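Everything on this sheet refers to the single structure shown next.
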Amino acid sequence: MIHSPSSLTENPLEIMPSVTYRYKNSSTSASNSDHFLDTNQTLSSYQIPQTCAQITFEPPSNALDPPQPPDPFILLFVAIVVRGLDGCQNREAVMPKHSHLQIHINDEETFLLDKKFISKYCGRMKKRLNHEKRMCQSKTLSIEINDFPGGSEGFELVLRFCYNHGKIPITVSNVLLLHCCAIYLGMTKEVFSNNLLQQTETFLQGIYYWTWNEILVSLKNCELFHTYADYYGLLENIIGALLTKMDQNFEGNLFTSSSSSSPSSPESNCAKTFSYSTQVTPKTVKSTLANKEWWFEDLATLPPKIIEKILQTIGAYKTDNNNPILTRFLLHYLKTVTQTKEINCNNCVEYAGLADTAVYGITFGGNKSFSCRGLFWVLRIVSRFGMSRDCRIEIERLIGGVLEQATLDDILVSGHHMGLCYDVTSVIRLIKQFVYMNGSDGGCVEKLKKVGRLVDKYLIEISPDQNLKVTKFLAVAECLPDCARSCFDGVYRAIDIYLQSHPMVAFEERSRLCRCLNYKKLSFEVCKDLAKNPRIPPIIAMQALISQQPNLPSTHLPIQETQIPSQDNFYYHNTDSFLEDKENIRQNLQRMEQRVKQLEILCREIKVHMSSFH
C-alpha cells in the first residue's frame, strides 16, 4: 500500500487534474500486466506490487487534442509514488521520459526528478548538476546528499515549491524547516525573484505576533534540524519571542531585560539578553510560585537541546544559573522525563547539561532553599542523567552538611550499577562528607551519634542484597569514627543478617567482616548470642567473650539488683540467675579455647601433609 506523504495529504484532488500513468509488472510480460494510476483517486487507494518496474505517462483515451506532457506538479506526484516504490528491496522504478535525476537524501529516500524544475529555483543544486554533467556522460544523473535539513521531509517540501511554480503554503509548523532548506540549497533572489528564502523571511517578520502555542509548535518541530536552525539564527529569534511572551504574562519580572528597546520590536528582541532579577529570593518565589510556574508544563514538552538553548539565551546555563524559578523548572522537566521516557546510558547524555544546571542553581541557594529530604529527592533525579563530577560533589556536600536530619527512607537511594538494589557508593560518600564537615574527633557528638544510629539501620536494610560485597559492607560500617556509636549491637545484627543471606561466604571473609565490631561496646546479651552463633568464627567468638570479662562483677561483691548496659536494658534480680549466667560464660570460654586448639592442631597437620608433596 502506497500512502500519501504528510505534505500531500491536504486535498490533492484540488490541485491535480485527471491524468493516468501506466506501470508494468516485471514478473510477467503479458499485455494484461499493464495497470494504471489515476490521480482522481486518493494516493492511499493505490495497490502497487513490489515487482513494479516502470511508470510511463499515458494521456486520457477520450482526449481529442494531441498528447501533452504532464503538468510538473503531476510529475512530483509520480516521483513521490516512485520514491515509495524505490524504497522496497529488489525493485527499481524508472521514468525514462521525464526523470533525468536521482537524488538520495540522507540514506533515507530516493527521489526521481526532472532536473530543470529543481535547478530553476535552487542555486546550489544548479551548480552541483552542472558539475555532475561535466563529470558524467550518462543522461540520468545521481546525487547523494547526506546532511539535508529535516531529511526527506524537508526535501519533499522543497519539491512541492519547485514543482508548483514557486508556491507553497507557509505555516508556523513548516516555516523554520523551509527557511533552513532554502539557505542550504541557495534558493535566493539571485536565482529566482520570488524565491523561497524571501517568502520565509517575510513570514518570520511576524514572529513576535505569534501566539504562545504557535511558538511552542515551531520549537518542537526544530528537533530534527536543530543544528541548522541554531546555526542560521532561527532559534535565537524564536526563543526571544518565547521569552517575551513569558515576561509579559505574569506579575513582576522573572526575566529583566538589559535593553531599553520596545519588547514588540523584532530587532530589539533578537538581541535581548535576559538575566536573573536580584530581587527574586526563595521567600518571594514561594509567594508568587503559582503565578510564575504556569509555563512549566508547556516547556516540559520541548526537546533537551531547545531547553539548553533557552538557558544559554537568558544567561542561566550551568554555572551561570542563579535563578530559583529556573531551577525548579529544570527539576520538574527532568522528573517529567524520568516518568515519560526510559533513561539509559545512550540518551542520558542529552540531559546531562540540564542536570548540571539544576545542581548549580541549588548550590547557589544553599540549604535554605531545600530541606534534607528535598536534597535527597534532587539527588535521585539528577543522578540518573550522568551529571558531572563537580556537580555531584557539590550536591553531596550540601546533603552531608545536614545528614543528621535524614531518615532511613532518604538514604535508601536506588542503585543503577553492578546489579545493586541500593546505591551504596553514594551513601558512603555522603557519610564521609558528613564526617569531614563535623570532624571525627567527637566535636559534634550528638550529630555523630544520630548518623551512627542511621547507618546501623541502613546496614540492616541492605544486608540481604545478594550483590552486596563484604568490602562494601565494611566500607559503610567503618566510615564513621568509633565515637559515633555507644553500642555496636546494631552492627552485629547487620552482620548476622548478612551471613544468613550469604551462606557461601568464606571463613576468612567472615572473620574479616567482624573486624568492624568493637567487642567492648557489645551488650552482654548480644555477646552471649554471638558466642552461640555457628556463623561466627570461633576465634571471633572467643575474643568477644574475653573482652566482656572485665565488665563482669566479682562474686565477692554484695549481691543486688544489677543493670547490665545493653540495648535491651535487661536486669538481674537474684543471685542464682547471675551466678548461672557467669558460669555459662566460663564454660563457653573453655569450649572456645578447645575449638581453637583443635583448629591449630588441624592446621599443623595440613601443613605437614602439604610439605610431603614438595
Side-chain angles (χ1 to χ4, degrees), residues 6-7 105-106 121-124 145 147-158 160-161 168-191 194-247 255 257 259 261 263-274 295 298-299 301-317 350 353-354:
S6 58
S7 58
I105 300 295
N106 297 4
Y121 299 97
C122 305
R124 180 179 177 182
I145 302 177
D147 57 348
F148 195 82
S152 58
E153 180 183 353
F155 194 73
E156 189 174 304
L157 288 175
V158 171
R160 285 182 59 88
F161 176 83
I168 189 173
I170 299 179
T171 65
V172 170
S173 299
N174 65 20
V175 63
L176 299 185
L177 180 55
L178 285 171
H179 189 82
C180 291
C181 294
I183 296 177
Y184 183 90
L185 291 173
M187 304 176 75
T188 61
K189 61 182 178 181
E190 288 79 9
V191 181
N194 189 24
N195 57 85
L196 182 59
L197 184 60
Q198 179 182 350
Q199 292 183 35
T200 55
E201 286 177 344
T202 302
F203 190 92
L204 288 170
Q205 288 177 2
I207 192 173
Y208 284 87
Y209 304 101
W210 291 3
T211 65
W212 172 259
N213 289 334
E214 287 175 337
I215 294 174
L216 289 178
V217 168
S218 60
L219 282 173
K220 290 177 187 177
N221 292 338
C222 282
E223 185 172 10
L224 294 178
F225 54 98
H226 165 270
T227 304
Y228 291 97
D230 190 17
Y231 182 75
Y232 296 146
L234 290 176
L235 279 184
E236 183 180 352
N237 291 345
I238 197 166
I239 288 174
L242 177 79
L243 296 176
T244 301
K245 293 288 184 185
M246 293 170 61
D247 206 33
F255 304 107
S257 173
S259 172
S261 305
S264 61
S265 169
E267 292 80 6
S268 63
N269 277 282
C270 290
K272 273 188 176 181
T273 302
F274 293 89
W295 47 274
D298 290 335
L299 264 63
T301 61
L302 297 177
K305 292 180 180 179
I306 302 298
I307 300 297
E308 282 189 5
K309 185 63 179 179
I310 292 174
L311 296 174
Q312 292 168 359
T313 302
I314 62 181
Y317 187 60
E350 301 176 10
L354 300 181

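None of the values given here were measured: they were computed from a predicted structure. The basis for the numbers below is simple: all heavy atoms, side chains too, and nothing from hydrogens, waters or symmetry mates.
Contacts classified as salt bridge (charged side-chain N to carboxylate O under 4.0 Å, His left out) and involving residues 214-225 (residues at least two apart or in different chains) are not found.
Here the closest heavy-atom approach between residue K245 and residue Y208 is recorded as NZ-O, 4.2 Å. The shortest heavy-atom contact between I306 and C222 is CD1-CB, 4.1 Å. When all heavy atoms of T200 and L197 are compared, the closest pair comes out as OG1-O, 2.9 Å.
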Give the C-alpha distance, both sets of side-chain angles, the deciding distance and a yes or no for side chain to side chain contact (heavy atoms under 4.5 Å, CB included) between L311 and L354.
-> CA-CA 9 Å; L311 296 174; L354 300 181; 3.7 Å; yes
Audit row: W210, I238, side chain to side chain contact (heavy atoms under 4.5 Å, CB included) steps and yes/no | CA-CA 10 Å; W210 291 3; I238 197 166; 3.8 Å; yes
Just do the side chain to side chain contact (heavy atoms under 4.5 Å, CB included) check on V172 and T211 with the steps written out, would you?
-> CA-CA 10 Å; V172 170; T211 65; over 6 Å; no
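Checking side-chain atoms of E236 against main-chain N and O of T313 turns up no donor-acceptor pair under 3.5 Å.
Checked against side chain to side chain donor-acceptor pair (under 3.5 Å), D230 has the following partners two or more places apart in sequence or in another chain: K309. In this view, T227 satisfies the side chain to side chain contact (heavy atoms under 4.5 Å, CB included) rule with no residue, not counting sequence neighbours. Taking the ring pair (Phe, Tyr, Trp, His ring centres under 6.0 Å) definition, one finds that F148 meets it with F155, Y184, sequence neighbours left out. For S218, there are no side chain to side chain donor-acceptor pair (under 3.5 Å) partners, not counting sequence neighbours. With sequence neighbours excluded, no residue forms a salt bridge (Lys or Arg N to Asp or Glu O under 4.0 Å) with D298. Residues that satisfy the side chain to side chain contact (heavy atoms under 4.5 Å, CB included) test with N174, not counting sequence neighbours, are L157, I170, T171, L178. With sequence neighbours left out, F225 forms a ring pair (Phe, Tyr, Trp, His ring centres under 6.0 Å) with no residue at all.
Looking at heavy atoms from C-beta onward, N195 lies out of side-chain contact with E190 at the 4.5 angstrom threshold. Within the 4.5 Å cutoff, side-chain heavy atoms of L216 are placed close to those of L299. Contact annotation: the side chain of L204 approaches that of L176 to within less than 4.5 Å [non-hydrogen atoms, C-beta and beyond]. Side-chain contact check for W212 versus M246: some heavy-atom pair is nearer than 4.5 Å. Between L302 and I310, the closest side-chain pair of non-hydrogen atoms falls below 4.5 Å. Counting only heavy atoms from C-beta outward, the side chains of Y121 and V158 never approach each other to under 4.5 Å.
One finds the OH atom of Y228 at 9.5 Å from the SG atom of C181 (value rounded to the nearest 0.5 Å). With values rounded to the nearest 0.5 angstrom, I239 atom CD1 is found 10.5 Å from L234 atom CG.
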